[in-house]
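Keep in mind the model is a prediction, meaning the values are calculated, not measured. Quick note on labels: first sequence line is chain A, next is B, and so on, each numbered from 1. Note: hydrogens, waters and symmetry copies are ignored here, and every other heavy atom, side chains too, is used.
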Protein chains: 2
Amino acid sequence: MTRRDYGQYCGLARALELVGERWTLLIMRELLARPSRYTDLLDDLPGIPTNVLSTRLKELEEAGIVERRIAPAPQRGILYAPTEAGQNLQGAVIALALWGNAHLGEQEPNEFVPPSSVVMALRATFNPGAAHGLTATWEIHTGDAVMYAAVADGQLATGVGPAPGEPDLVITVPSDEVLTYRAMMQAISNGAAELTGQQSLLEKFARVFTPRAATKAG
Amino acid sequence: MTRRDYGQYCGLARALELVGERWTLLIMRELLARPSRYTDLLDDLPGIPTNVLSTRLKELEEAGIVERRIAPAPQRGILYAPTEAGQNLQGAVIALALWGNAHLGEQEPNEFVPPSSVVMALRATFNPGAAHGLTATWEIHTGDAVMYAAVADGQLATGVGPAPGEPDLVITVPSDEVLTYRAMMQAISNGAAELTGQQSLLEKFARVFTPRAATKAG
DNA sequence: CTGCATCCACTTTGATACTG
DNA sequence: CAGTATCAAAGTGGATGCAG
């Protein structure tokens, strides 16, 4: 058994060997929310040392969980994005996040809400039934973050950043800081959001993204 | 931000702060499969340093994820067991294990199969529909491991160790080492298992525990 | 500016020995 | 049985340097 391995032929042990080190799953959360450059990740994960980030990215790439892409014309540079194996991690990321939500407590003054965590919450609460037959694109502004969600053919596409196409409805939730998914949804249902576009799509939004109960033990 | 915290108000970050350190989730896998004594854990997690185990148990207890119990009469000593918060971790543990299963590759000579991982696989593949109206207790022997599964009222109770009551069917899968869930189920369906008890319950067993597809990304 | 590599102080982990 | 003590090795955090 080397330092990094557990010597167990077990899915959990292997998962932890691959993505169990400090910062790794937070990096994956960022990349699942949007392909990012090295400096994007440094900005979105304040406190991560540069050498740790570069080591993690290297290891994830070697393991086939993340791939490097050449960023398209306007930006240039390298984009890191999850491979299919990396995308399959989302279920585990969401399961951990749901469990951790119950242990969040009050927000400390030095704690910020990562926009990627709001995107994960949108994916976790997506209700395919309510999205059936609906085609719509929402863009959400809260704090200085921009996120989008698009529904078509009962499928959800969501991420950090402006909507890929023209949004049908822009929802602006006024706030100094990025709000949690929960606070954001509450503000929206309280009518605190400013709307630009097809206002009728606001009700659909609340219906498409509905929290359900977390998984209990078996 | 202290060393251990991420400074993020996010379920994933909080989960990793609580159970993201090395060995922690493997300890939780063991405890989810059966309440264990300190020395049980040392045996079941070969390679874990004693000080790391005691530190982790202390932290998990402080966080309300694990609790100490006085072991009942025959054994004595201290039993560590998951609290309800700890039991709720099972969904995340299983999600990680399912993802890791895809990256297992071939079993290395120095790698062993933890019985607790087989129990997790039983829970992950439990099919409530097929268990409806069935009451049965199976005891499974493979390598030197013993596990049980009991179904009643459509509910599953399973863990490492002998069955709590008298098993209806004892399934012995001959093998030097503990087999993976997959290999075990294959051996059973190949008729390689020795049976003691109500042989008709073997077919039920295979029906109650059926793998389904893993969760894909959204 | 992006995308790292290097250096150093500090913390955590691993291995072993030892104790109530 | 259930840990604690000790120490070396490895990992992490923070600062800085630097090439393309």
Taking 4.0 Å as the cut-off, does a side-chain nitrogen or oxygen of [X] come that near to OP1 or OP2 on [N]?
X	N	answer
B:Thr50	D:dG3	no
B:Thr39	D:dA2	yes
A:Tyr80	C:dT2	no
B:Lys58	D:dA2	no
A:Trp23	D:dG13	yes
B:Arg56	C:dT12	no

Rounded to whole Å, please give me the gap between [atom1] in [X] and [atom2] in [N].
X	N	atom1	atom2	result
A:Arg37	C:dC1	CZ	P	12 Å
B:Arg22	C:dA15	CZ	C1'	13 Å
A:Leu41	C:dC4	CG	C1'	13 Å
A:Arg69	C:dG3	CZ	C1'	18 Å
A:Tyr38	D:dA19	OH	C1'	14 Å
A:Leu53	D:dG14	CG	C1'	14 Å
B:Leu57	D:dC1	CG	P	15 Å
A:Leu45	D:dT12	CG	C1'	15 Å

Checklist entry - Closest to the B:Ser54 side chain: C:dG14, D:dG3, D:dG13? => result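 Out of C:dG14, D:dG3, D:dG13, the nucleotide with an atom closest to B:Ser54's side chain is D:dG3.
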Checklist entry - Taking the side chain of A:Asn51 as its heavy atoms from C-beta onward, which of C:dG3, C:dG14, C:dC7 lies nearest to it? => result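 Of all the options, the side chain of A:Asn51 is nearest to C:dC7.
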Checklist entry - What pair of heavy atoms forms the shortest contact from A:Gly197 to A:Leu169, and how long is it? => result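 Residues A:Gly197 and A:Leu169, closest heavy atoms: C-CD1, 4.0 Å.
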Checklist entry - Heavy atoms under 4.0 Å, any strand shown: does B:Ile78 hit a base, just sugar-phosphate, or nothing? => result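 Here B:Ile78 touches the backbone only, sparing every base.
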Next on the checklist: When you measure from the centre of the six-membered ring of A:Tyr6, is the NZ or CZ of B:Arg22 closer than 6.0 Å and no more than 45° off the axis?
Outcome noted: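 Flagged: B:Arg22 positioned over aromatic ring of A:Tyr6.
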Item to check | Side-chain donor-acceptor contact under 3.5 Å, A:Thr83 with A:Glu67 | outcome: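 Result is no, nothing qualifies.
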Checklist entry - Roughly how far, to the nearest 0.5 Å, is OG1 of A:Thr24 from CZ of A:Arg29? => result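 One finds 12.5 Å between CZ of A:Arg29 and OG1 of A:Thr24.
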Checklist entry - Can you list the steps and then say if B:Tyr80 with B:Arg68 is a side chain to side chain contact (heavy atoms under 4.5 Å, CB included)? => result CA-CA 5 Å; B:Tyr80 293 92; B:Arg68 295 154 139 264; 3.5 Å; yes
